[in-house]
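Worksheet for the structure shown next.
First listed ligand is number 1; within each ligand, the first listed atom is number 1. Because the structure is a prediction, the values reported are computed rather than measured. Residues take their numbers from the sequence shown, with the count starting at 1. Every heavy atom of this structure was used, including side-chain atoms; hydrogens, water molecules and symmetry mates were not.
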Amino acid sequence: VKTLDALEKAEKDVKEWSETRGSLVSQLKKQEKYRKEFIGNVSHELKTPIFNIQGYILTLLDGGLEDKTINRAYLERTEKSINRMITIVKDLEVISKLESGELKLIMERFNIIDLINEVIEMHEMRVQKNGIQIFFEKSNAAPKFVYADKKEIFQVLNNLIVNSIKYGREKGTTVIEIMKMDNKMLIEVRDNGIGIETDNLPRIFERFFRVDKSRSRNMGGSGLGLAIVKHIIDAHNQNINVSSTYGEGTSFTFTLEQSK
Ligand code: ADP
């Protein structure tokens with residue numbers, strides 16, 4: 001009987017070991033697929049501005065240098081491409097930190113109204129130049145203090161507001177609204193811009209996913225902004241949602257922990 005028990009136990013151990021091995025193998029395969037995809041996406045993203053810069057320089061060397069207008073126009077385009085590469089590289093640094101779990105939240109109590117005003121002020125120049133309007137609506141019942149990582153929430157608000165401008169209509173409007181929802185704070189960033197088709201909504205937080213690639217690239221986007229936003233909100237154990245009507249506008253809402 002003892003031998004039989006031992007045999008049964010050994011059989012169970014082998015089965016467990018084989019299951020663990022199986023799940024480790026599939027985990028490694030998944031990681032490998034992810035790594036390949038990531039590198040593929042990154043090189044694809046960087047290729048466009050690099051080839052553009054090469055083209056501008058060749059045009060200048062080919063005689064464009066002698067013409068003052070061509071000169072300036074091509075240098076300006078070169079600068080735009082370099083700025084795009086800087087955005088991509090910066091966003092890549094952020095996303096790799098977030099995806100490897102390296103981000104340690106520094107939680108503190110802070111005034112969310114002040115933070116939102118700070119982000120809005122940062123875009124004042126751009127907004128004035130393009131005739132865009134940003135409204136900040138806060139009901140009296142809305143709490144003022146939240147408990148979160150201030151730097152990361154700044155990034156969330158900034159990415160959402162930048163998108164509302166990038167994918168907004170000409171002289172469009174962005175509204176930021178804060179509300180109290182049960183014991184949480186609900187923050188909405190909505191615009192009356194181009195909107196997103198329902199089919200594309202579920203993929204909107206995937207890294208490198210874009211509805212309109214050329215529009216995003218023209219606007220200097222890296223395709224990582226919303227993936228970064230989602231990671232930060234997840235790290236806070238909070239929720240983010242999107243709703244949109246194609247041709248009419250988009251609304252992002254996320255929750256934060258309230259603080260007295
Ligand atoms: P990108 O750098 O391309 O802006 P994001 O991750 O910030 O990358 O957004 C992914 C895509 O989601 C964008 O390319 C755009 O197609 C769509 N999108 C994001 N925000 C909005 C918005 N407010 N209105 C319409 N489309 C949006």
Response to the item:
the protein heavy atom lying closest to atom 16 (O) of ligand 1 turns out to be Val211 N, 3.0 Å
Item to complete: Number the atoms of ligand 1 from 1 as they appear, then name those within less than 4.0 Å of a heavy atom of Phe209, with their elements.
Response: 10 (C), 11 (C)
Worksheet item: For atom 7 (O) of ligand 1, which protein heavy atom lies nearest, and how many Å away is it?
Response: Asn163 ND2, 2.9 Å
Worksheet entry | Subset of ligand 1 atoms that lie under 4.0 Å from at least one heavy atom of Ser222 | 2 (O)
Discussion item. Taking Ile196's backbone N and O only, do any of them form a donor-acceptor pair with Asn200's side chain (distance below 3.5 Å, no angle check)?
Written reply: no
Discussion item. Can a side-chain donor-acceptor contact be found between Glu188 and Ser251 if the only test is distance below 3.5 angstrom?
Written reply: yes
Discussion item. Against ligand 1, does Asn159 come closer than 4.0 Å with any heavy atom?
Written reply: no
Practice prompt. Would you tell me whether Ser222 and Asp91 have side-chain atoms, one donor and one acceptor, within less than 3.5 Å of each other?
Written response: yes
Worksheet item: When rounded to the nearest 0.5 angstrom, what is the spacing between CD1 in Ile153 and CD in Glu108?
Response: 11.0 Å
Practice prompt. Is it possible for you to check whether Arg109 lies under 6.0 Å from the centre of the six-membered ring of Phe145, through NZ or CZ, and within 45° of that ring's axis?
Written response: yes
Worksheet item: When you measure from the side chain of Thr173 to the backbone N and O of Gln133, does any donor-acceptor pair fall under 3.5 Å?
Response: no
Discussion item. For atom 26 (N) of ligand 1, what's the nearest protein heavy-atom neighbour? Residue, atom name and distance, please.
Written reply: Ile196 CG1, 3.4 Å
Worksheet item: Should you measure from each heavy atom of Gly225, which atoms of ligand 1 turn up under 4.0 Å away?
Response: 5 (P), 6 (O), 7 (O)
Discussion item. So if I count the atoms of ligand 1 from 1 in the order they appear, which ones are less than 4.0 Å from some heavy atom of Leu224?
Written reply: 6 (O), 8 (O)
Worksheet item: At what distance, to the nearest 0.5 angstrom, does CD1 of Ile165 lie from CZ of Arg169?
Response: 15.0 Å
Worksheet item: Counting each atom of ligand 1 from 1 as listed, which ones have a heavy atom of Lys166 under 4.0 Å away?
Response: 1 (P), 2 (O), 4 (O)
Discussion item. Students should be able to answer this: which protein heavy-atom is nearest to atom 23 (N) of ligand 1, and at what distance?
Written reply: Asp191 OD2, 2.9 Å
Worksheet item: Hey, which atoms in ligand 1 end up nearer than 4.0 Å to a heavy atom of Ile204?
Response: 12 (O), 17 (C)
Worksheet item: Do any N/O atoms on Ala227 end up under 3.5 angstrom from N/O atoms on ligand 1?
Response: no
Discussion item. With the threshold set at under 4.0 angstrom, would you say Gly223 reaches ligand 1 through any of its heavy atoms?
Written reply: yes
Response to the item:
Looking only at protein heavy atoms, what sits closest to atom 21 (C) of ligand 1 is Tyr167 CD1, 3.5 Å
Practice prompt. Could you check atom 3 (O) of ligand 1 against the protein and tell me its nearest heavy-atom contact, residue, atom and distance included?
Written response: Ser216 OG, 2.6 Å
Worksheet entry | Closest approach of any protein heavy atom to atom 6 (O) of ligand 1, naming residue and atom | Leu226 N, 2.8 Å
Discussion item. Within the 4.0 Å heavy-atom shell around Gly221, which atoms of ligand 1 are there?
Written reply: 2 (O)
Practice prompt. Check the side chains of Gln238 and Lys184 for a donor-acceptor pair under 3.5 angstrom, ignoring hydrogens and angles.
Written response: yes
Worksheet item: Can we say Lys12 and Glu8 salt-bridge, meaning some charged N sits less than 4.0 Å from an Asp/Glu carboxylate O?
Response: no
Item to complete: Establish, for the pair Arg77 and Tyr74, whether the NZ or CZ atom is under 6.0 angstrom from the six-membered ring centre and no further than 45 degrees off its axis.
Response: yes
Fill in: Check: Thr69/Asn71 side-chain N/O donor and acceptor closer than 3.5 Å
no
